[in-house]
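Residues: numbered from 1 along the sequence shown. Note that the structure is predicted; figures quoted are calculated from it, not measured.
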Amino acid sequence: MKKIIFAFLLFSSYFANAQAYHQNNSQEIKFNIGLFLAKSTIDFSYEYFLNEDTSIGGTIYFDRDAEDYSGSFGIGPNLRAYFMGYEPGSGIFAEAFGLYYKGEEKITDNINNITTIDNYNTLALGIGGGHKWVNRSEKFTLEATGGIGRNINPAEFQKDFMFRIGLSVGLRF
């Protein structure tokens, strides 16, 4: 009798676990297609899901226009929390991010007609948010995101704030 009860408990716990809200694909790579189409910026992101509503990740981008608002190169981490999604790691999200980026600023002296180029390296900390949609197989994603960050050590010619925006497509594995 004890063996039958043990087998029943083992069998029922298997099905109880099968009903749980779990995530098969805990990693995702994304390409910011919106930024690429708008400015030809190459922007890749990686995301690792700690559980169904929290993730950590990183971003790296390259832009051929060093005078752009976010420079010519950037790299940084992020931490996300998801809310109200139908699938794990989907729905509305909020994020905190850090970003190291570098670029250049052209300054023209109108009196002497002299143009100088100042290079900068800076670090920004910020917050953002957006929405992520996941297909039923949890393999493909579409994400709209935006955020604002404060430059920690801006040069005197540089703005105090920076912003991020994107429309990304992703693949989970």
Side-chain angles (χ1 to χ4, degrees), residues 26-85 89-134 140-173:
S26 62
Q27 301 178 63
E28 181 178 337
I29 55 172
K30 296 176 281 200
F31 178 65
N32 191 337
I33 190 81
L35 204 53
F36 179 74
L37 293 175
K39 304 181 342 155
S40 69
T41 300
I42 306 294
D43 184 344
F44 286 102
S45 297
Y46 170 79
E47 192 169 1
Y48 177 77
F49 293 93
L50 301 171
N51 55 39
E52 62 266 357
D53 60 358
T54 308
S55 70
I56 58 174
T59 300
I60 187 168
Y61 70 86
F62 304 95
D63 192 343
R64 62 187 167 140
D65 184 8
E67 294 179 53
D68 202 4
Y69 68 92
S70 58
S72 60
F73 170 78
I75 188 168
N78 63 37
L79 173 68
R80 285 190 175 171
Y82 289 89
F83 310 96
M84 298 183 287
S90 68
I92 297 170
F93 64 85
E95 75 175 351
F97 67 87
L99 184 65
Y100 165 80
Y101 65 102
K102 67 180 193 167
E104 62 185 37
E105 184 77 24
K106 285 186 181 177
I107 301 172
T108 304
D109 181 6
N110 292 331
I111 297 171
N112 299 327
N113 270 344
I114 298 173
T115 301
T116 59
I117 298 175
D118 290 325
N119 293 319
Y120 63 85
N121 296 310
T122 191
L123 178 68
L125 297 175
I127 58 172
H131 196 284
K132 182 182 285 190
W133 296 270
V134 180
F140 301 103
T141 65
L142 178 66
E143 172 182 302
T145 185
I148 186 166
R150 170 99 174 162
N151 289 320
I152 302 296
N153 57 344
E156 62 183 50
F157 57 84
Q158 192 181 1
K159 295 182 172 47
D160 289 338
F161 292 94
M162 55 81 62
F163 63 94
R164 294 175 40 170
I165 192 164
L167 179 66
S168 301
V169 293
L171 175 67
R172 287 192 179 171
F173 54 98

Q.
How long is the straight-line distance from CG of Leu99 back to CD1 of Ile75, given to the nearest 0.5 Å?
A. 9.0 Å
(Q) Are the side chains of Met162 and Thr122 in contact, using a 4.5 Å heavy-atom criterion? (A) no
Q) Just wondering, more than 12 heavy atoms not from Leu50 lying within 6.0 Å of its CG? A) yes
Q. Does the Asp160 side chain pair with the main chain of Pro154, one donor and one acceptor, at a distance under 3.5 Å?
A. no
Q | Taking every non-hydrogen atom, the tightest pair across Thr54 and Asn51 | A | N-OD1, 3.0 Å
Q. Under 3.5 Å, is there a donor-acceptor pair linking the side chains of Tyr101 and Asn151?
A. yes
Q: Please step through side-chain contact (heavy atoms from CB on, under 4.5 Å) for the pair Asn78 and Thr59, ending with a clear verdict.
A: CA-CA 8 Å; Asn78 63 37; Thr59 300; 4.2 Å; yes
Q: Considering non-hydrogen atoms only, spot the tightest contact between Ile148 and Phe97 and give its length.
A: O-CZ, 3.8 Å
Q | side-chain contact (heavy atoms from CB on, under 4.5 Å) involving Leu171 - partner list, sequence neighbours excluded | A | Ile29, Phe140
Q) Do Ser40 and Arg64 have side chains that get closer than 4.5 Å, going by heavy atoms? A) yes
Q.
By the salt bridge (charged side-chain N to carboxylate O under 4.0 Å, His left out) test, which pairs, at least two apart or in different chains, include something from residues 71-85?
A. Glu47-Arg80, Arg80-Glu95, Arg80-Glu143
Q: Please list, chain by chain and in numerical order, all residues satisfying side chain to side chain donor-acceptor pair (under 3.5 Å) with Tyr48, sequence neighbours excluded.
A: none
Q: Applying side-chain contact (heavy atoms from CB on, under 4.5 Å), name anything that partners Ala81, two or more places apart in sequence or on another chain.
A: Phe83
**Q.** Student check: side-chain heavy atoms of Asp43 and Phe36 closer than 4.5 Å
**A.** no
Q. Which residues satisfy the side chain to side chain donor-acceptor pair (under 3.5 Å) test with Asp118, sequence neighbours excluded?
A. none
Q | Aromatic plane relationship, Tyr82 with Phe49 - under 30° parallel, 30 to 60° tilted, over 60° perpendicular | A | tilted
Q: Only counting residues at least two apart or in another chain, list the ones meeting side chain to side chain donor-acceptor pair (under 3.5 Å) with Thr145.
A: none
(Q) Using a 3.5 Å distance criterion without hydrogens, assess whether the side chain of Thr141 forms a donor-acceptor pair with backbone atoms of Gly170. (A) yes
Q | Point-to-point distance, once rounded to the nearest 0.5 Å, from CE of Met84 to CG of Asp53 | A | 12.5 Å
Q) For the atom pair OG (Ser90) and CD (Glu52), what is the distance rounded to the nearest 0.5 Å? A) 10.5 Å
Q. What distance separates Glu104 CD from Tyr120 OH, expressed to the nearest 0.5 Å?
A. 8.5 Å
Q | Gap separating the CZ atom of Arg172 from the OG atom of Ser26, nearest 0.5 angstrom | A | 9.5 Å
**Q.** From Leu35 atom CG to Ile165 atom CD1, the distance as rounded to the nearest 0.5 Å
**A.** 8.5 Å
Q. Can you find a heavy atom in the side chain of Ile60 that is under 4.5 Å from one in the side chain of Ile42?
A. no
